[in-house]
Amino acid sequence: PPSPHPPRPPPFCSLSQKPLAMFTEGYQKCGQVFSVPMFTKPMVMLVGPEVLGHFFKATDEQMSQQEVYQFNVPTFGRGVVFDVDHTIRREQFRWFAEALKPNRLRMYVDQMIAEAEDYFGKWGEEGEVDLLHELASLLILTASRCLLGKEVREQMFNEVAGLFHDLDMGMQPISVMFPYLPIEAHRKRDAARTTMGEIFKKVIAQRRASGEKQVDILQAFIDAKYSQAYGGRVSNDEEITGMLIAGLFAGQHTSQVTSTWTALYLHRDENRDTFLRNVMEEQTELMREHGDTLNFDILNQMNNLHWSMKEVLRLHPPLVMLMRYARQPFKVKTRKGEEHTVPKGAIVATSPTMNHTLDYIFKEPDKFDPLRFGPGREEDKFAPFSFNGFGGGRHSCMGEHFGYMQVKTILSVLVRNFDIELVGDFPVPDFDSMVVGPKGACTARFRRRKLQVPPAAAEPAAEAAAPAEPAGRSE
């Protein structure tokens with residue numbers, strides 16, 4: 001008979017283990033649904049698309065983010081995101097959605113291109129770099145330009161970048177359970193958050209006083225209004241600052257690790273003659289048609305680069321675990337037809353990393369194979385939520401298209417202007433980090449060169465005596 005509650009795994013599956021090990025061992029021994037003790041509440045683990053529908057599609061009244069992501073409040077600030085009721089959070093997320101519409105993305109891409117060309121223009125003719133460090137440095141520049149505004153980018157970038165570093169380092173694994181623990185990292189985090197608020201209060205006041213409108217997400221937040229909450233008032237300084245920090249956190253780490261992993265995998269020896277060649281041929285064809293121009297529409301035609309990024313997000317999703325709080329009980333059914341009831345009050349979690357290794361969905365899941373997303377295969381469409389590199393459902397990442405554009409821009413400028421050769425062992429994932437990137441140095445040797453575009457092959461001339469093809473005939 002169906003179990004009234006998810007089966008508990010053997011005692012080995014405890015919170016002292018790393019999350020991915022917990023999911024892997026629990027899945028192998030208990031199946032798609034299992035639970036582990038978490039203080040006074042059960043934590044229910046879900047593996048595979050068959051049991052993820054409610055997790056991703058449920059309303060906030062049914063499955064809530066607020067209770068499980070409270071550790072973000074000291075960093076983002078009061079009155080925003082996970083410090084507010086879901087009705088207010090929904091309106092604030094609408095501000096993000098408005099700021100990331102395609103017509104605005106087009107303008108952001110131009111800024112991204114300018115930053116990338118300027119940054120890579122300062123590299124020498126040849127040398128060695130740490131790709132993770134270099135791409136992270138470039139991404140904070142593009143994020144500052146598109147998100148925080150030209151005042152920060154041009155006048156106070158180093159100061160704000162330093163404050164962001166302190167905020168970032170204040171998000172330690174221990175912070176998830178004890179966000180207010182009096183440790184040095186938290187003290188620096190709190191001081192940086194206070195200073196960041198003071199800086200943006202001045203920037204916002206200057207913008208409003210000048211009446212000048214800029215093309216950036218800061219401007220979108222300054223112009224934002226609630227539609228129902230708070231009597232329909234405009235956003236205030238503290239909300240704008242908190243939303244900017246939340247956006248920077250959400251995008252910076254994801255783009256940083258995705259761009260680095262993509263560059264690493266494409267330039268790995270075993271992939272150079274296949275997947276890198278596909279990307280380079282794609283760049284060559286686009287340059288033959290459009291010259292050196294890069295823009296929103298051209299980036300959208302880069303299917304091979306897009307699939308390579310998506311494959312990296314499958315192999316190395318930035319977040320090992322996504323969580324919700326069950327405000328109401330719900331049932332799930334596994335592939336084998338087993339039904340389980342998840343109780344009210346449970347912390348519910350799934351792991352994109354684990355979901356992406358299921359070999360009944362993804363063929364040879366440990367292998368880097370971008371073409372698995374291409375025509376005729378499309379393995380991610382096996383079932384809804386088979387791929388959750390950007391989450392899914394009601395709370396899928398609103399910055400997904402921004403992130404793809406940002407990374408495509410940077411990598412396009414890189415491969416059009418440099419030959420890259422990896423140095424040393426291929427990095428392994430850093431599962432000790434809050435966001436899973438490559439562990440250690442990502443050393444690469446570069447040599448500047450301009451991607452050459454050979455002329456298009458001439459059409460063979462038809463022989464004079466050859467009969468005309470009948471109309472409508474195909475090969």
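What you see below is based on every heavy atom in this structure, not just the backbone, and it leaves out hydrogens, waters and symmetry mates.
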Worksheet entry | Residue pair Arg377, Phe373: steps toward the side-chain contact (heavy atoms from CB on, under 4.5 Å) verdict | CA-CA 6 Å; Arg377 291 179 64 181; Phe373 299 109; over 6 Å; no
Worksheet item: Passes side-chain hydrogen bond (donor to acceptor under 3.5 Å, both in side chains), Ser64 versus Glu67? Steps please.
Response: CA-CA 7 Å; Ser64 172; Glu67 289 84 349; 2.5 Å; yes
Practice prompt. Might you work through the side-chain contact (heavy atoms from CB on, under 4.5 Å) test for Glu50 and Lys333, ending with a clear yes or no?
Written response: CA-CA 7 Å; Glu50 297 83 1; Lys333 182 184 284 188; over 6 Å; no
Item to complete: Decide ring pair (Phe, Tyr, Trp, His ring centres under 6.0 Å) for Phe249 and Phe164; before the verdict, give the C-alpha distance in whole Å, the side-chain angles of both, and the deciding distance to 0.1 Å.
Response: CA-CA 9 Å; Phe249 259 80; Phe164 178 75; 5.1 Å; yes
Practice prompt. Decide yes or no on side-chain contact (heavy atoms from CB on, under 4.5 Å) for Val415 and Met280, but give the supporting numbers first.
Written response: CA-CA 8 Å; Val415 301; Met280 300 306 292; 3.7 Å; yes
Worksheet item: Passes side-chain contact (heavy atoms from CB on, under 4.5 Å), Glu339 versus Val332? Steps please.
Response: CA-CA 6 Å; Glu339 289 189 357; Val332 294; over 6 Å; no
Worksheet item: For Asp223 and Gln219, what are the C-alpha separation, side-chain angles and deciding distance, and is it a side-chain hydrogen bond (donor to acceptor under 3.5 Å, both in side chains)?
Response: CA-CA 6 Å; Asp223 295 339; Gln219 187 67 54; 3.2 Å; yes
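Closest heavy-atom contact between Phe82 and Gln70: O-NE2, 2.6 Å. Here the closest non-hydrogen pair linking Thr334 and Val51 is CA-CG1, 4.0 Å. Contact detail for Leu411 and Ser259: the closest heavy-atom pair is CD2-O, 4.0 Å. Minimum interatomic distance between Asp216 and Arg145 (heavy atoms only, all atoms of both residues): CB-O, 3.9 Å. Of all heavy-atom pairs between Leu319 and Leu322, the closest is CD1-CD2, 4.0 Å. The shortest non-hydrogen separation linking Pro318 to Gly389 is CD-O, 4.4 Å.
A donor atom on one side chain and an acceptor atom on the other are not found under 3.5 Å apart for Ser386 and Asn355. Residues Asp168 and His253 bring a donor and an acceptor atom of their side chains to less than 3.5 Å of each other. Side-chain N/O atoms of Thr59 and Glu61 include a donor and acceptor closer than 3.5 Å. Using a 3.5 Å distance cut-off with no hydrogens or angles, the side chains of Lys331 and His340 do not pair a donor with an acceptor. Side-chain atoms of Glu115 and Thr142 form no donor-acceptor pair, as typed in the model, at a separation below 3.5 Å. Judged by distance alone, the side chains of Glu311 and Ser308 never bring a donor and an acceptor atom under 3.5 Å apart.
In this structure the side chain of Asn388 never reaches within 4.5 angstrom of the side chain of Pro317, judged on heavy atoms. Taking the side chain as every heavy atom from C-beta outward, Phe93 and Val81 approach each other to under 4.5 Å.
Judged purely by atom type and a 3.5 angstrom limit, Arg324 has no side-chain atom pairing as donor or acceptor with the backbone of Gln65. Between the Glu282 side chain and the Asn303 main chain, a donor and an acceptor come within less than 3.5 Å of each other. Using a distance-only test at 3.5 Å, with no hydrogens or angles considered, a donor-acceptor pair links the side chain of Ser351 to the main chain of Val320. The backbone N or O of Phe76 sits less than 3.5 Å from a side-chain atom of Arg193, completing a donor-acceptor pair. Here the side chain of Ser175 pairs a donor or acceptor atom with the backbone of Gln172 at under 3.5 angstrom. Looking at Ser396, its side chain never comes within 3.5 Å of a backbone N or O of Phe390 through a donor-acceptor pair. Side chain of Ser255 to backbone of Gln252: no donor-acceptor contact under 3.5 angstrom is found.
The number of heavy atoms from other shown groups lying within 6.0 Å of CD (Gln228) does not exceed 12. Within a 6.0 Å radius of CG in Asp85, other residues, nucleotides and ligands contribute more than 12 heavy atoms. Counting heavy-atom neighbours within 6.0 Å of Asp425 CG, excluding the residue itself, gives a total of 12 or less. Atom NE2 of His401 is surrounded by 12 or fewer heavy atoms from other residues, nucleotides or ligands within 6.0 Å.
In this structure, NE2 in His306 is found 12.5 Å from CE in Met302, a value given to the nearest 0.5 Å. Of the inter-residue distances, the one linking Leu371 atom CG with Trp307 atom CH2 reads 6.5 Å to the nearest 0.5 angstrom. Rounding to the nearest 0.5 Å places CD1 of Ile420 at 6.0 Å from CG of Leu131. A distance of 12.5 Å separates CG in Leu141 from CD in Gln111, rounded to the nearest 0.5 Å. For the atom pair CZ of Phe402 and CG of Leu147, the computed distance is 7.0 Å after rounding to the nearest 0.5 Å. Annotation: the span from Leu163 atom CG to Ile199 atom CD1 amounts to 5.0 Å, rounded to 0.5 Å.
Listed by chain and residue number, Glu134 satisfy the side chain to side chain donor-acceptor pair (under 3.5 Å) test with Tyr119 (two or more places apart in sequence, or in another chain). Scored by the side chain to side chain donor-acceptor pair (under 3.5 Å) test, Thr260 finds no partners at all (sequence neighbours excluded).
Checked against a 6.0 Å centroid threshold, the rings of Tyr230 and Tyr226 count as neighbours. Under the 6.0 Å cut-off for aromatic ring centres, Tyr180 and His186 do not qualify, their centroids lying 6.0 Å or more apart. A centroid separation of less than 6.0 Å is found between the aromatic rings of His316 and Tyr265. Taking the ring centroids of Phe71 and Phe178, they lie at or beyond the 6.0 Å cut-off. In summary, the aromatic rings of Phe296 and Tyr108 are positioned with their centroids too far apart to meet the 6.0 Å limit.
Put simply, the residue from Asp237, Leu244, Ile240 that forms a side chain to side chain contact (heavy atoms under 4.5 Å, CB included) with Phe200 is Leu244. Glu239 pairs with exactly one of Lys201, Arg89, Lys225, Arg233 by the salt bridge (Lys or Arg N to Asp or Glu O under 4.0 Å) rule, that one being Arg233.
Note on Arg372 versus Glu378: no salt bridge recorded, every NZ/NE/NH1/NH2 to OD/OE distance being 4.0 Å or above. We find that Glu159 and Arg153 are not joined by a salt bridge, their nearest charged nitrogen and carboxylate oxygen being 4.0 Å or further apart. Between Arg106 and Asp297 there is a salt bridge, since at least one side-chain N of the basic residue sits less than 4.0 Å from a carboxylate O of the acidic one. The existence of a salt bridge linking Asp369 and Lys363 is excluded, since no basic side-chain nitrogen approaches an acidic carboxylate oxygen closer than 4.0 Å.
Taking the ring axis of Phe56 as reference, the NZ or CZ atom of Arg394 does not stay both within 45° of it and closer than 6.0 Å to the ring centre. In this structure, Arg335 satisfies the cation-pi test against Tyr360, with its NZ or CZ atom closer than 6.0 Å to the six-membered ring centre and inside 45 degrees of the ring normal. For the pair Arg314 and Phe387, the cation-pi criterion (under 6.0 Å, within 45° of the ring axis) is not fulfilled.
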